[in-house]
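The block underneath contains the structure these notes are about, expressed in structure tokens.
Just follow the structure's listing: the first ligand is 1, and inside any ligand the first atom is 1. For clarity, every value in this text was computed on a predicted model and none was experimentally measured.
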Amino acid sequence: MAATYTFNPGPSAVYPAVRGYLQDAFDEGWLAAPHRSEKVTNLVRQTVTDLKTKLNIPQDYTVLFTGSATECWEILVQSLTPRRSFHLYNGDFGHKWLKYAQAQRPESTGVVFGLDEVPNFATLPQPLDSYDLVAITQNETSTATQLREGFILNLFNRLGNALLAVDATSSMAGINLKFIKADVWLASVQKCFGLPAGLGILVLSPRAVAQAKAVNDRAHYNALPAMLSQMLNHQTNYTPNVLGIYLLGRVLAEREPIKTVHQHLVDRAEKLYAFFEHNTPLTPLITNPETRSTTVIGLRGEAALIDEIKAKAKEAGLHLGSGYGPLKNTTIRIANFPAVPDAAFEALVQFFVKEFPG
Ligand SMILES: *Cc1c(COP(=O)(O)O)cnc(C)c1O
């Protein structure tokens with residue numbers, strides 16, 4: 001039987017090597033290791049070191065482990081936002097983040113921008129630092145759009161005292177993010193890290209750490225002051241996902257530097273967009289090349305055609321991602337994540353050439 005591949009943008013394909021890592025985790029005694037033992041604190045320290053090295057995270061930034069990206073949103077509301085936050089978004093994940101913020105800080109507001117639009121600074125509230133935190137989604141998985149480095153830098157320069165928080169759930173470990181150009185970065189491992197779900201990553205700048213200390217949230221089990229002081233000893237205030245951290249460490253050890261991974265994904269995305277645009281009955285969902293995502297390729301078509309393509313692809317062992325929210329029936333999403341091998345994309349192209357030439 002031919003290989004099957006999944007292009008679902010989350011949970012997404014895991015690296016085949018994870019199978020062996022799981023066996024090793026069992027055999028090496030990680031599953032019952034006490035989380036305050038030297039064995040586990042050394043693992044946490046080494047994994048944080050490897051994350052910083054492989055992803056180019058500045059040495060003076062702090063890395064924390066959480067349960068999910070969603071948990072990270074809530075931590076930011078509780079521990080870094082005494083008044084309110086401002087959200088710039090164009091899709092479901094960005095909108096959900098705003099809703100979580102408003103549930104606890106009702107003064108939080110947002111501005112929606114178009115899928116083919118680079119947000120216009122004239123639409124932002126003035127001054128931005130009447131908000132504690134400005135929230136953006138670097139890669140909006142639901143709409144297959146991306147905010148480029150130049151935009152983030154420009155926004156960062158307009159913050160005043162506000163913090164810039166970036167959801168990079170579907171780009172961290174795929175895209176070479178400039179961590180120095182924001183105060184908070186959050187992600188989870190079931191997207192570009194190529195791992196099973198259940199571990200979130202929260203990266204804080206020194207400015208964000210200072211803000212956490214000033215706000216001094218003590219009302220939540222996952223309040224930042226407690227998490228930060230535990231992390232000084234490479235510990236957490238609850239029993240962490242040791243297996244997830246172990247798998248992350250193993251995957252990172254095998255990864256190439258992020259610059260190399262980034263270039264590979266950029267080249268692959270360019271080829272895919274060109275192929276789908278010219279050689280299939282589908283068109284890229286996002287028409288503006290400046291706002292297209294590198295890591296999640298969105299394709300648009302008639303609902304009946306989308307159905308037929310998905311069904312036929314599945315028979316051929318190719319699991320395409322469905323559209324999200326209002327785009328569910330008329331779009332397909334294809335994860336261009338590092339753990340999806342080139343062979344999968346070759347199979348995908350061959351499938352379209354044979355079954356759906358355009
Ligand atoms: C998947 C995703 C999330 C949610 O991640 P969880 O780990 O399930 O909480 C948040 N933001 C974006 C952009 C995502 O792609």
- request: Measure from NZ or CZ of K99 to the centre of the six-membered ring of W73 and say whether it is under 6.0 Å with the direction within 45° of the ring axis.
  value: no
field: A69-ligand 1 polar pair, N/O distance under 3.5 Å
entry: yes
Y131 versus T81, side-chain donor and acceptor atoms under 3.5 Å: no
- line: Under 4.0 Å between heavy atoms, the region of T70 that gets near ligand 1 turns out to be both
- prompt: Between Y324 and ligand 1, which part of the residue brings a heavy atom under 4.0 Å of the ligand: side chain, backbone, both or neither?
  reply: neither
- prompt: Quick one: does NZ or CZ of R292 land under 6.0 Å from the six-membered ring centre of Y273, within 45 degrees of the ring axis?
  reply: yes
field: Close aromatic pair by centroid cut-off 6.0 Å: F151 and F121
entry: yes
query: Are F276 and F352 close enough that their ring centres sit under 6.0 Å apart?
result: yes
query: So R268 and D342, salt bridge (charged side-chain N to carboxylate O under 4.0 Å, His left out) or not? Walk me through it.
result: CA-CA 8 Å; R268 219 160 57 173; D342 288 342; 2.8 Å; yes
message: Would S188 count as being in polar contact with ligand 1, using the rule that some N or O on each side must be under 3.5 angstrom apart?
response: yes
message: Pair F193, Y15 - check side-chain contact (heavy atoms from CB on, under 4.5 Å), show working.
response: CA-CA 9 Å; F193 286 93; Y15 287 106; over 6 Å; no
query: With a 4.0 Å cut-off on heavy atoms, is W97 touching ligand 1?
result: no
field: Test item, L186 contacting ligand 1 (heavy atom, 4.0 angstrom)
entry: no
Test: D24 and R250 ion pair at under 4.0 Å: yes
query: Do Q190 and ligand 1 have an N or O pair less than 3.5 Å apart?
result: yes
- line: ligand 1 atoms nearer than 4.0 angstrom to some heavy atom of T141 are 12 (C), 13 (C), 14 (C), 15 (O)
task: For N139, take its heavy atoms, then give the atoms of ligand 1 lying under 4.0 Å from any of them.
output: 13 (C)
statement: Near W73 (heavy-atom distance under 4.0 Å), the atoms of ligand 1 are 10 (C), 11 (N)
message: Could you identify the single nearest non-hydrogen protein atom to atom 1 (C) of ligand 1 and state the distance to 0.1 Å?
response: K191 NZ, 1.4 Å
query: What is the closest protein heavy atom to atom 11 (N) of ligand 1, and at what distance does it sit?
result: D167 OD2, 2.7 Å
